[in-house]
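What follows is a short report on a single structure.
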Amino acid sequence: MYVAIAAQSVALYLCKSHGTTFNKYRRFFTQMIVNSVGAKVKLIGTIDADTDILIINHQSMFDIFSLEQVVGNDIRFIGRTGIMDVWPVSRIVDVVGHITVDQKDSRAIIKLLKDVKACKGKKVVIFPEGTRSQSGKIEPFEAGAKLLVEKLKLKAQPVVIKNILDIYNESAKTAKSGTIEIEALPPVTITEGWYEQIQLQMNEVFIKK
């Protein structure tokens with residue numbers, strides 16, 4: 001997988017950003033990376049065409065490629081510096097236009113609001129736990145996703161990735177073939193306590209067999 005990521009980094013750097021060849025390479029390498037562990041990706045439900053932001057649980061780097069399989073390549077991921085700015089991932093982040101957040105910067109939230117607003121017309125993906133969970137459960141949500149949705153008045157939709165650690169476990173450095181299930185929940189209605197409610201809903205879906 002890491003060899004494929006490095007090859008993708010070089011290939012994208014040599015192409016005109018978001019041109020026809022660039023987009024073909026992205027689709028090709030996404031498929032290659034998913035195939036590299038013998039994985040299949042199954043979407044349950046529907047991701048609405050006009051959804052602005054997807055709120056998704058996060059367990060490994062493989063989440064990103066699985067999501068690109070079902071959502072398409074024209075999405076932007078939000079990730080922390082320290083992960084997103086390490087080569088070869090950093091080169092892909094730069095040329096694709098993913099969004100990075102430096103939590104040590106006191107102005108980070110202002111930059112994040114500006115960057116997400118600039119992505120209008122594209123789907124933005126945020127991992128509300130703020131980091132990868134290796135515990136096999138969805139961890140408590142941080143405040144960032146809630147702030148983005150409410151401040152920018154975004155149409156948000158929660159999505160749950162299931163059983164990915166059974167197929168690709170980044171911590172244990174193991175991989176085996178299987179089907180990754182990605183379940184799209186209904187879009188959010190912004191009312192009092194909506195953020196806490198979707199965490200409960202996502203947990204229920206996540207643990208359901």
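- Residues in residues 141-184 take part in these ring-ring contact (aromatic ring centres under 6.0 Å, His included) pairs, two or more places apart or across chains: Phe62-Tyr168, Phe141-Tyr195.
- Using modelled atom types, one side-chain atom of Lys162 and one backbone atom of Lys208 make a donor-acceptor pair closer than 3.5 Å.
- Hydrophobic cluster membership differs between Val86 and Ile64, with clusters built from Ile, Leu, Val, Met, Phe, Trp and Tyr side chains linked at under 4.5 angstrom.
- One distance of note links CD1 of Ile126 with CG of Leu147; it measures 9.0 Å at 0.5 Å rounding.
- Checked by atom type, the side-chain pair Glu150/Trp194 shows a donor-acceptor distance below 3.5 Å.
- Proximity of Asn169 to Ser60: side-chain heavy atoms (C-beta onward) are nowhere separated by under 4.5 Å.
- The two atoms that bring Ile47 and Ala184 nearest to each other are CG1-CB, 3.8 Å, heavy atoms only.
- Atom-to-atom distance recorded for Lys114:NZ and Ile99:CD1 is 12.5 Å, nearest 0.5 angstrom.
- The CD atom of Gln31 lies 10.5 Å from the OG atom of Ser36; values are rounded to the nearest 0.5 Å.
- Under a 3.5 Å cut-off, the side chain of Lys123 and the backbone N or O of Ala49 do form a donor-acceptor pair.
- The existence of a salt bridge linking Asp102 and Lys104 is excluded, since no basic side-chain nitrogen approaches an acidic carboxylate oxygen closer than 4.0 Å.
- Using modelled atom types, one finds no donor on one side chain facing an acceptor on the other under 3.5 Å when comparing Gln59 with Asp63.
- With Glu129 contributing its side chain and Ile138 its backbone, the two residues share no donor-acceptor pair below 3.5 Å.
- The backbone N or O of Thr46 lies less than 3.5 Å from a partner atom in the side chain of Gln157, making a donor-acceptor pair.
- Lys120 NZ to Leu154 CG: the interatomic distance, rounded to the nearest 0.5 Å, is 8.5 Å.
- Interatomic distance, CD1 of Ile109 versus CD of Gln103, reported as 10.0 Å (0.5 Å rounding).
- In this structure, Ile167 and Gly178 approach most closely via the heavy-atom pair CD1-C, 3.5 Å.
- No salt bridge links Arg76 with Glu68; every basic N to acidic carboxylate O contact stays at or beyond 4.0 Å.
- The ring pair (Phe, Tyr, Trp, His ring centres under 6.0 Å) test applied to Phe65 returns no partner, not counting sequence neighbours.
- Side-chain atoms of Lys111 and Asp115, non-hydrogen and from C-beta on, do get closer than 4.5 Å to each other.
- Residues Asn163 and Leu165 form no side-chain contact, since every pair of their non-hydrogen atoms from C-beta on lies 4.5 Å or further apart.
- Rounded to the nearest 0.5 angstrom, Ile56 CD1 and Ile182 CD1 are separated by 7.5 Å.
- A donor-acceptor pair under 3.5 Å is formed between the side chain of His98 and the backbone N or O of Phe77.
- Put simply, the side chain of Asp52 gets close to the backbone of Lys155: a donor and an acceptor are under 3.5 Å apart.
- Side chain of Thr30 to backbone of Arg27: no donor-acceptor contact under 3.5 angstrom is found.
- When side chains are defined from C-beta on, Leu54 does not count as touching Val124, because their heavy atoms never get closer than 4.5 Å.
- For Asp48 (side chain) and Thr51 (main-chain N/O), no donor-acceptor pair under 3.5 Å exists by modelled atom type.
- Summarising the geometry of Asn57 relative to Val160, their closest heavy-atom pair is OD1-CA, 3.3 Å, with the distance given to 0.1 Å.
- Between Asp166 and Ile180, the closest side-chain pair of non-hydrogen atoms is not below 4.5 Å.
- Within 6.0 Å of the OH atom in Tyr25, the count of heavy atoms belonging to other residues, nucleotides or ligands does not exceed 12.
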Which donor-acceptor pairs under 3.5 Å do side chains of residues 8-20 form with protein atoms, sequence neighbours excluded?
| unit_1 | atom_1 | unit_2 | atom_2 | d |
| --- | --- | --- | --- | --- |
| Ser17 | OG | Val95 | O | 3.0 |
| His18 | NE2 | Val96 | O | 3.0 |

